[in-house]
Amino acid sequence: MNFDMSAFAIASPEVFLLAALCTVLLMDLWVAKGAPLITYLATQLALWATALLVLGKSFNSEGAFITGLGGMYIVDGLGDILKISILLISSLTFAYSRKYLREQNMWRGEFFVLGMAAILGMMIMISGYNLLVLYLGLELLALSMYALVAMQRDNSNASEAAMKYFVLGAIASGLLLYGISMLYGMSGSLNIIDLKAYFQAQAGLHTNILFLFSMTFIVAGIAFKFGAVPFHMWVPDVYQGAPTAVTLFLGSAPKIAAFALLIRLLADGLGAGQSSWSQMLMLLGLLSIVMGNLMAIAQTSLKRMFAYSTIAHMGFVLLGVLVGTEDGYSAAMFYTIIYALMSAGGFAVLILLGNRMSDPDNLDCLRGLNDRHPWYAFIMLLIFFSMAGIPPTAGFYAKLSVIKVVMGEGYLLVALTMVVMSVVGAFYYLRAIKLMYFDEPEESTPIVAEVDFQVLFSFNGLLMVILGVFPGVLMGICSIAVSTSNL
Amino acid sequence: MSFEQLLFYLFSGVLLLSGISMVTVRNPVYAALSLIVCFFTSAAIWVTLEAEFLGIVLVLVYVGAVMVLFLFVIMMLDINHNHLKEGFIKYLPVGLLVALVIAVEMILVLNGGGFDGEKYMQGQRHGADYSNTKALGEVLYKQYLYPFEIAAVILLVAIIAAITLTLRRRPNSKSQNIDQQVRVKREDRVRLVKMEAEK
C-alpha cells in the first residue's frame, strides 16, 4: 500500500487541532509570557475553528460514511456529531475553568495545551476505524488527563488521585490491548471493517470460546474507561482529588469519547457477537445503576456524590447500547451528550461557589444558595432536576428514551430496576435542592463571577429545559447520525 | 535440534531468568543490571529473527542510554526500597495460587485452537541483500503512517506533561546563581579583621 501526504486531507480537523496545539504551546512561551489570557483565547478560537471544520466536512459526506488513510479513519454522521459536541462542551468547560484556575494559582498555559491534547485524543478515538488507532487515541487522552489531574503538585490529594488514575488506567489499557491482540490473532486484521466482515462470516460465534475470551477483556477495558461497576473504584477518588477545573473537564467530554469507543468496538466491529456482549453490558449497567445511586446517598462531598451519580448515569448509557438496535444507540448517544452538559453545569457550581480563599467540596457549601443568589440557585435547581430525571428537563427525556428502548426489546425487569433506582437517585438530588432552598446560608460572602461565566452558566441550566421541552431536535440529529454510520 | 533452535532456547532461558531476578532481587542496582541482561537477550532473539535494526536499536537506545541513566539515578538517589518488599514472602503463596489458576485457565482457552495460522506469512529466509531497516521504514512510513504520527503526538504530550509536573519554583530549593557566582568580589567573601596582638 502506498499513500502520499494528501491522504491526510480526510483528517483535516485533527491536523488543524494539532497545528493549533503546537502554535498555542509556542505562543504561550513567547507571545503570551505571563499573560495566559491570550493562550486561553487562542485555545477557544482553535476549538471553535476545529468544530467549524468538522461541520464543513460533514456536509460533503452526503449521508454515507467514508474511510481513509488505509481504512484507519472514518468520517460518518455519528463521528461528526460526537466531535462537535466534544469541542463545544470542552470550550464550555474551559470557560468555566478560567475562574477556578485564576483563584487557585493554576492559571498557566499548560492547562489548555494538555486539554487540547486530550481533545485531540478524543477526536482520534471517535474517527478511529482501526484497533491500533483507537488504542493510541485512548492513550493520548489518558496521558493528558493523568498530567492534568496531577497538575497541582503541592496538593497531596491531587497527587494521590493522579497515581490511582494512572495505575488503574494502565491496567485497563493492558486489558483492552490483550483483548485486541486476541482479535488480531483470530481475524488477522486490525481494521474494524475487516473484523466486522470476518465475524459476520463466522457461525456459532456465541459458543466460540476464543471470541468470548477476547471480548471479555475488551468489555472490561471499556468498562474501566466508563467507570462502570465493578470497575468504578477510581472514579470517586479521582473526581474528589483532582482540581475542580480538571474534574469538570474529566467528567464531561471524555464520556462522549468513551461512548464512541464502545460503539466502534462493540456495536460496529463485534456487532455479530451482540447476543454475547449484551449480557455483559446488562450486568455492568445494572450494577452501576444500583451501586451508583445507593453509594451517592452516603456521600457528604459534592464531588464524590457527582462521581457516584456519574457511575449511575453511565449505567444508563450501557443499558441503552446493549439492545443493539439503532434506536438503542441513538438513545444512548442522546443520554451521553445530555449527561456531559449536566455534568459540566454541576461542577461549574463548585467553581462558582469557590473563591481565592476556599475550594469548596462539601455538600454544605450549597446551604442557603437561594438567599445568597436566587438566580444561581434556580439554574442549579434545573441542573439537579435534569440529573434526577424530573420533567420537563432533558434528563427526564434521556432516561425515558433509554427505558423505552430497553422495554421495547422485552427487558422488563431491567427497565423496572432503572425506574426504581431513578427514584432512589432522586433522593440525593432533592436533598441538595433542599439545602439550597430551605437551609440557612453558612457563609455570607458575595458570589462573584465574570459576565461570560454568568451567561454560560445560565445558558447551561436553561438548555436543560429547552432540550427537555424540544428533545426532538437533538434526538433527531442522534438518530440520523446513527443511521448514517456503518453499524 | 538445530543450532538456531539451541540459540533460541539459550537466549529465551536467560531472558526469563533475568526477568524473574529483575523483579525479585532486593538490591535495585542488581535489578537494573538484570534488566540490561533482559534487553540484551531480547535484542539477540530479534537478530536471529533477521530484525537486525530493532536489535541494534534496542541495545543502543535502551541499554546504552536509558539503562545507564537509570543506573545513574538509582546510584545517586540511593533509595532503600526494602520496606516495599516486606510482605513478599507472606503474600507469595496466595499470589502464586491465583496466578496459577488464571494461567491454567488461559492456557486451556488459548490451546483450544481458533487462531488461523494460514493468515500469517510463514517466516521467510532472506538473502544478504535484504534490508530489514528498509522493510521497517516501508511499513512505518507508508502503511502505518497515521498511527505513527499519533505516537509522535503522544511523545510530545509526554514531554509537555513531564515538564509541567517538574518545572516549578519551590521557595526553599537550593540552586546556584551562576551570574552572581561569577561576579563575586573579594570583599564579598573575605573579611579582614584587624586584631590587637595578644600579649
Side-chain angles (χ1 to χ4, degrees), chain A residues 1-5 7-8 11 14-15 18 21-22 25 68-70 72-73 108-111 113-114 116-118 120-121 124 128 130 132-133 135-137 139-144 146-148 150-151 153-154 159 162 178 182 184-190 198 208-214, chain B residues 19 23 81 84 95 98-99 101-123 134-173:
Chain A
M1 186 175 17
N2 220 340
F3 71 73
D4 54 331
M5 289 309 277
F8 271 94
E14 280 83 359
V15 174
L18 176 61
L21 188 158
C22 296
L25 182 65
L69 290 166
M72 292 183 188
Y73 188 95
R108 283 187 292 163
E110 288 85 4
F111 178 86
V113 173
L114 287 171
M116 277 166 96
L120 181 64
I124 288 170
N130 176 291
L132 189 59
V133 172
Y135 173 73
L136 285 170
E139 281 303 289
L140 182 56
L141 164 65
L143 199 67
S144 323
Y146 303 146
L148 280 174
M151 234 174 109
R153 274 292 305 275
D154 299 315
S159 304
Y178 191 64
M182 292 287 140
Y184 180 69
M186 278 187 282
S187 67
S189 173
L190 285 172
Y198 175 82
N208 183 344
I209 194 158
L210 199 58
F211 173 73
L212 296 177
F213 184 74
S214 64
Chain B
V23 189
H81 276 302
L84 284 179
V98 172
V101 169
I102 292 177
V104 168
E105 282 175 350
M106 279 169 63
I107 289 168
L108 283 179
V109 169
L110 297 180
N111 263 348
F115 289 121
D116 199 349
E118 287 174 15
K119 284 208 184 63
Y120 313 102
M121 279 185 294
Q122 287 295 312
K134 192 180 167 207
L136 203 64
E138 291 274 338
V139 175
L140 218 49
Y141 292 105
K142 282 184 178 168
Q143 195 180 349
Y144 289 105
L145 182 59
Y146 183 49
F148 185 70
E149 294 289 335
I150 302 172
V153 179
I154 291 181
L155 287 183
L156 175 71
V157 171
I159 296 173
I160 299 172
I163 294 176
T164 312
L165 294 184
T166 49
L167 184 73
R168 57 189 186 134
R169 301 249 174 273
R170 267 182 295 189
N172 53 356
S173 70

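A note on names: the letters A, B, ... follow the listed sequences, proteins ahead of strands, and every chain is numbered from 1. For the numbers below, each heavy atom of this structure counts, side chains included, while hydrogens, waters and symmetry mates do not.
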(message) When you compare the side chain of Leu110(B) with that of Met182(A), does any pair of heavy atoms fall below 4.5 Å?
(response) yes

(request) Name the region of Ile163(B), side chain, backbone, both or neither, that has any atom closer than 4.5 Å to a heavy atom of chain A. (result) neither

(request) Find the distance between OH (Tyr146(A)) and CD (Glu139(A)) and round it off to the nearest 0.5 Å. (result) 6.0 Å

(request) Find the one option among Leu143(A), Leu212(A), Leu21(A) whose heavy-atom pairs under 4.5 Å with chain B are most numerous. (result) Leu143(A)

(message) What I'd like to find out is whether the side chain of Ile159(B) reaches to under 4.5 Å of the side chain of Leu155(B), using heavy atoms alone.
(response) no

(message) Under a 4.5 Å cutoff for heavy-atom pairs, which residue among Ile209(A), Val113(A), Ile124(A) has the most contacts with chain B?
(response) Ile124(A)

(request) Flag yes if more than 12 heavy atoms outside Leu140(B) fall under 6.0 Å of its CG atom; otherwise flag no. (result) yes

(request) Flag the pair Leu120(A) / Ser144(A) as yes when at least one side-chain heavy-atom distance between them is below 4.5 Å, and no otherwise. (result) no

(message) Given heavy-atom pairs under 4.5 angstrom as the criterion, report whether the side chain, backbone, both or neither of Leu18(A) touches chain B.
(response) side chain

(message) Could you measure the distance from the CG atom of Asn130(A) to the CG atom of Leu69(A)? Nearest 0.5 Å is fine.
(response) 10.5 Å

(request) Pick one of side chain, backbone, both or neither for Ala158(B), based on which atoms fall under 4.5 Å of a heavy atom in chain A. (result) both

(message) So for Leu136(A), is it side chain, backbone, both, or neither that comes closer than 4.5 Å to the heavy atoms of chain B?
(response) both

(request) Identify which part of Ile150(B) has an atom lying under 4.5 Å from any heavy atom of chain A, answering side chain, backbone, both or neither. (result) side chain

